[in-house]
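Here's the structure, in structure tokens; my notes come after.
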Amino acid sequence: MDAIERKDARAIKDKFSPYAVEHIEDLDGKIDRFIEEFPGWNEEYELSDTFERWSNHGKITNILTPSYDFVVDGKTYCMRIIYYQESDEDESKLGYYSIQIMELYTNSYSSDVYMHGVTGDPDILLWDYTKDSQ
């Protein structure tokens, strides 16, 4: 989180796995956009830390998926990171796989938002979708 707070593009990129670096189209451009559009923490955030672990014929995969909920200028955001901590099947996936950030609206996502899970493609996904207040 320190690299994100410092808006350090190099440090953020270094967190991504070799697999993600190879498969995310225009990763440098997406990191720059993420840094530019990230609204900041406003000093506080709430962390919900989850993980998934499974075995495939004895090969273990362990993925952390922390999400951070925070409020900036009256808007509530959620940032989720998919992070491979262990992968006997594909060690090139170790590290960040995906960063997803979106604005929340009254504790629900807008209908246009789809937050993919760990089986999706690696990416940096940014949303600023809001429901019409009318």
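Basis for what follows: all heavy atoms, side chains included, without hydrogens, waters or symmetry-related copies.
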Please report the closest heavy-atom contact between [X] and [Y], naming both atoms and the distance.
X    : Y   : result
L94  : S17 : O-CB, 3.0 Å
Q100 : S98 : NE2-OG, 3.3 Å
E25  : K30 : O-CE, 3.4 Å

Within this structure, what is the [atom1]-[atom2] distance for the pair [X] and [Y], rounded to the nearest 0.5 Å?
X    : Y   : atom1 : atom2 : result
I124 : R33 : CD1   : CZ    : 10.0 Å
I24  : Y97 : CD1   : OH    : 8.5 Å
I99  : I12 : CD1   : CD1   : 6.5 Å

Check whether any side-chain N or O of T65 sits under 3.5 Å from a backbone N or O of I82 as a donor-acceptor pair, and report yes or no.
no

Holding to salt bridge (Lys or Arg N to Asp or Glu O under 4.0 Å), I want the full list of residues that pass it with [X], two or more places apart in sequence or in another chain.
X   : answer
D2  : R6
D32 : none
D28 : K13

Check: [Y] and [X] side chains under 4.5 Å, non-hydrogen atoms:
X    : Y   : value
D121 : H23 : no
M79  : F70 : yes
Y68  : I81 : yes

Salt bridge (charged side-chain N to carboxylate O under 4.0 Å, His left out): which pairs involve residues 90-102, sequence neighbours left out?
none

Partner residues of F16 under the ring pair (Phe, Tyr, Trp, His ring centres under 6.0 Å) criterion, sequence neighbours left out
Y96

Please name all residues satisfying side chain to side chain contact (heavy atoms under 4.5 Å, CB included) with E22, sequence neighbours left out, ordered by chain then number.
none

